[in-house]
Amino acid sequence: MKNTATDFDVMIVGAGISGIGMAAHMKEKTPDHGFVIVERRENLGGTWDLFRYPGIRSDSDMHTLGFDFEPWKHEKSIADGPAILDYLDDIVDERDIRKHIRFGHKVLAADWRESEARWHVTLETSEGERKHLTANWLYLGSGYYDYDEAYDPGFDFGDFEGTVIHPQFWPRDLDYTGKNVVVIGSGATAVTIVPSMSDKAAKVTMLQRTPTWMFSRPAKDAMANFLRKILPEKVAYRITRWKNITLQDIGFKRARTKPQKMGEALHKRIRKSLGEDCDLAPFTPPYNPWDQRLCLVPDDDLFTALKSGKADIVTGHIKAFEKGGVRLTDDQFIPADIVVTATGLKLAVAGKIALSKEGQQIDLSKHFYYKGCMFSNVPNLAVVFGYLNASWTLRADINSDYVCRVLNTSRKRGVDVTEPILTAQAEAAIEEDDIFDFSSGYIQRGKAIMPRNAVAYPWRLNQEYVSDRKRMKDDPVDDGVLEFRRHGANARGADEQLEAAE
């Protein structure tokens, strides 16, 4: 490619929550920087456009899953997928972002050229055409899981003649009226699907290998709806957002310091919903609360389905899929016309984009996170990986704001390369940390491909939003680690030369 003008200042990959959030922040805070959003699908929304299973909804309240700049105005704070898509559509249209989105553009590869201070990006359109674009910055809002493949636990469906579905690839025309449905799994997806299918199905069984901690709460936030009546929209939203962030933080820390007390409190809520004499075994995992993400049960919908007899929970291990149903190792047989494998996602890093630096592969599993936003020794690249213990958007907001500050600082200084520098000597002194200490299957399966993480800032993907927000906002951009330079200039000393990107 000829060394012509760069196509875009910033290329945002993905038109989901992360990508749209970055575009909105740029519109407000870096209006003199051009950007494009490239989205592989034909619609915006990311996860909320991809997943179409019954009952698809948020498992975080929308006062924290919503953006800091755009109040959530719906009555329900636990929102369904269509309502979330409407929210994103409104943001895109009100801020004139839609014209910046190129749908049907999948990023295949991106190569950093230091001599030009830009990424050379290879894309493929939905028609199969290859395109090449350049951008000074890449902002990856491509999520954390593989859109093409779901996790396959290796089930042998043997003699089973019914329908098998993974929630990630839900058929639009599925009729489950009067059918026996077995939903394999006990995570957020299963907890959503079971009550949603129970209205039409003959019986829905949630088959779990291991129970999950669950908690119920109203889908409507009474305080939020009251405040909206007496205060300006933005003020009411800010107060509710602060309240929910604070409660989440307190709840998570209490689970870590007093897990038994937290478990008792969760069981108390379940007994209130199902009755004092209910069997708590299906709701008692062999791990502490928040060792895996808690499952939300809005308006007691799962518990209502269980009490009605239209749904049940079975704990056991699968022996075989037989004609007409599922056989467990204890010889129990569960009738099934439809099996839903809600067994989890397959993690992916950087949207599976083949990243390279001067033609040499960048293996992010060998690089450290920098402030949960960038990577050691990788220039002009930012990413969003949300919180495991809170809303995804909380991280998306602070990362977007931070990158806008970096862009403005770079423009003010007349530089075009920004890189978190980690020398070999400094790396040798780092104490590593397993921030992915959750026991969730999808987290454990994907750890080998995840970037590295340190005990201390700045080489860390932290899991405490309140402290992250303060650091990202108040700490100076020029912290002595983040290097600002003109392309082609080498600001490092002879003893600090970096090895080629791995």
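All values reported here derive from a predicted model rather than from experimental measurement. All residue numbers in this chain count up from 1 along the given sequence.
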> Is NZ or CZ of Arg395 both nearer than 6.0 Å to the six-membered ring centre of Tyr387 and within 45° of the ring axis?
Replying inline: yes
>> So that I can tick it off, tell me whether Asp148 and Lys352 are bridged by a salt bridge, with the cut-off set at under 4.0 angstrom between side-chain N and carboxylate O.
In response: yes
>> Would you say that more than 12 heavy atoms from the other residues, nucleotides or ligands in this model lie under 6.0 Å from the NZ of Lys76, or not?
In response: no
> Between Asp433 and Ala456, is there a donor-acceptor pair closer than 3.5 Å when you use the side chain of the first and the backbone of the second?
Replying inline: no
>> Using side chain to side chain donor-acceptor pair (under 3.5 Å), reason through Asp61 and Gln248 one step at a time and then give a plain yes or no.
In response: CA-CA 10 Å; Asp61 72 278; Gln248 286 175 5; 3.1 Å; yes
> Got a donor-acceptor contact below 3.5 angstrom from the Ser77 side chain to the Ala219 backbone?
Replying inline: yes
> Taking the side chain from Glu322 and the backbone from Phe160, do they hold a donor-acceptor pair closer than 3.5 Å?
Replying inline: no
> For Leu207, does its backbone N or O pair with a side-chain atom of Thr205 as donor and acceptor, under 3.5 Å?
Replying inline: no
> What do the steps show when you test Phe375 against Phe368 for ring-ring contact (aromatic ring centres under 6.0 Å, His included), and what is the final call?
Replying inline: CA-CA 6 Å; Phe375 300 107; Phe368 280 87; over 10 Å; no
> How far apart are the C-alpha atoms of His25 and Phe69, what are their side-chain angles, what is the distance that settles it, and do they pass the ring-ring contact (aromatic ring centres under 6.0 Å, His included) test?
Replying inline: CA-CA 9 Å; His25 278 276; Phe69 55 79; 5.2 Å; yes
> Going through the distances and angles, do Ile421 and Val481 end up as a side chain to side chain contact (heavy atoms under 4.5 Å, CB included)?
Replying inline: CA-CA 6 Å; Ile421 301 299; Val481 174; 5.6 Å; no
>> Tell me the closest heavy-atom pair linking Lys203 and Ala311, and the distance in Å.
In response: CE-C, 4.0 Å
>> Under 6.0 Å between ring centres: does that hold for Tyr151 and His166?
In response: no
> Does a side chain donor of either Tyr139 or Ser18 reach within less than 3.5 Å of an acceptor in the other side chain?
Replying inline: no
> Between Ser186 and Met206, does a side chain to side chain contact (heavy atoms under 4.5 Å, CB included) hold up when you go through it step by step?
Replying inline: CA-CA 7 Å; Ser186 59; Met206 188 169 86; 4.2 Å; yes
>> Listing request: all side-chain hydrogen bond (donor to acceptor under 3.5 Å, both in side chains) pairs with a residue in residues 300-309, at least two apart in sequence or in separate chains.
In response: Ser216-Asp300, Ser273-Asp300
>> Regarding Lys243 and Asp221, does a basic nitrogen lie under 4.0 Å from an acidic carboxylate oxygen?
In response: yes
> Are Lys371 and Asp475 ion-paired here, with the side-chain N under 4.0 Å from a carboxylate O?
Replying inline: no
>> Pro218: which residues meet the side-chain contact (heavy atoms from CB on, under 4.5 Å) condition with it, sequence neighbours left out?
In response: Asp299
>> For the CZ atom of Arg469 and the CD1 atom of Ile398, what is their distance to the nearest 0.5 Å?
In response: 9.0 Å
> Can you list the steps and then say if Arg95 with Glu70 is a salt bridge (Lys or Arg N to Asp or Glu O under 4.0 Å)?
Replying inline: CA-CA 11 Å; Arg95 290 166 173 78; Glu70 182 69 22; 3.1 Å; yes
>> I want to know whether Tyr87 and Trp72 have ring centres closer than 6.0 Å.
In response: yes
> Would you call Asp468 and Arg460 a salt bridge, using N to O less than 4.0 angstrom?
Replying inline: no
>> Between Lys310 and Ala201 (side chain of the first, backbone of the second, donor and acceptor by atom type, cut-off under 3.5 Å), is there such a pair?
In response: yes
> Rounded to the nearest 0.5 Å, how far does SG of Cys295 lie from CG of Leu266?
Replying inline: 11.5 Å
>> Do Tyr176 and Asp199 make a side-chain contact, defined as non-hydrogen atoms from C-beta onward lying under 4.5 Å apart?
In response: yes
> Going through the distances and angles, do Asp249 and Lys253 end up as a salt bridge (Lys or Arg N to Asp or Glu O under 4.0 Å)?
Replying inline: CA-CA 6 Å; Asp249 188 54; Lys253 289 177 178 175; 3.2 Å; yes
> Are any side-chain N or O atoms of Glu432 and backbone N or O atoms of Arg452, one a donor and one an acceptor, separated by less than 3.5 Å?
Replying inline: no
>> Looking at Glu94, I want to see if its CD is surrounded by more than 12 non-hydrogen atoms of other residues, nucleotides or ligands under 6.0 Å.
In response: yes
> Can you check whether Ala236's main-chain N or O pairs, donor with acceptor, with Arg241's side chain at less than 3.5 Å?
Replying inline: no
> side chain to side chain contact (heavy atoms under 4.5 Å, CB included) between Asn43 and Trp48: does it pass, once the steps are laid out?
Replying inline: CA-CA 10 Å; Asn43 299 297; Trp48 303 105; over 6 Å; no
> What's the verdict on side chain to side chain donor-acceptor pair (under 3.5 Å) for Tyr465 and Thr64, showing C-alpha distance, side-chain angles and the deciding distance?
Replying inline: CA-CA 11 Å; Tyr465 167 71; Thr64 59; over 6 Å; no
> Are His367 and Trp459 close enough that their ring centres sit under 6.0 Å apart?
Replying inline: no
> Do any N or O atoms from the side chain of Asp337 and from the backbone of Asn180 form a donor-acceptor pair under 3.5 angstrom?
Replying inline: yes
> Around Lys200, counting heavy atoms of other residues, nucleotides and ligands shown, do more than 12 lie under 6.0 Å from its NZ?
Replying inline: no
>> Pair Arg271, Leu280 - check side chain to side chain contact (heavy atoms under 4.5 Å, CB included), show working.
In response: CA-CA 8 Å; Arg271 284 196 298 270; Leu280 290 175; 3.3 Å; yes
> Between Met450 and Ser365, is any pair of side-chain heavy atoms under 4.5 Å apart?
Replying inline: no
> When you measure from the side chain of Glu39 to the backbone N and O of Arg41, does any donor-acceptor pair fall under 3.5 Å?
Replying inline: yes
> If you measure from the Lys or Arg side-chain nitrogens to the Asp or Glu carboxylate oxygens, is any gap between Arg228 and Glu233 under 4.0 Å?
Replying inline: yes
>> Would Ser60 and Arg293 count as a side chain to side chain donor-acceptor pair (under 3.5 Å) here? Give the steps.
In response: CA-CA 11 Å; Ser60 297; Arg293 193 176 176 101; 2.9 Å; yes
> Sequence neighbours excluded, which residues qualify as salt bridge (Lys or Arg N to Asp or Glu O under 4.0 Å) partners of Lys220?
Replying inline: Glu75
> Is there a side-chain contact between Leu345 and Tyr144 (heavy atoms, below 4.5 Å)?
Replying inline: yes
>> Are the side chains of Ser391 and Leu394 in contact, using a 4.5 Å heavy-atom criterion?
In response: yes
>> Taking Gly46's backbone N and O only, do any of them form a donor-acceptor pair with Asp49's side chain (distance below 3.5 Å, no angle check)?
In response: no
>> Against the six-membered ring of Tyr457, is Arg471 placed for a cation-pi contact (under 6.0 Å from the centre, within 45° of the normal)?
In response: yes
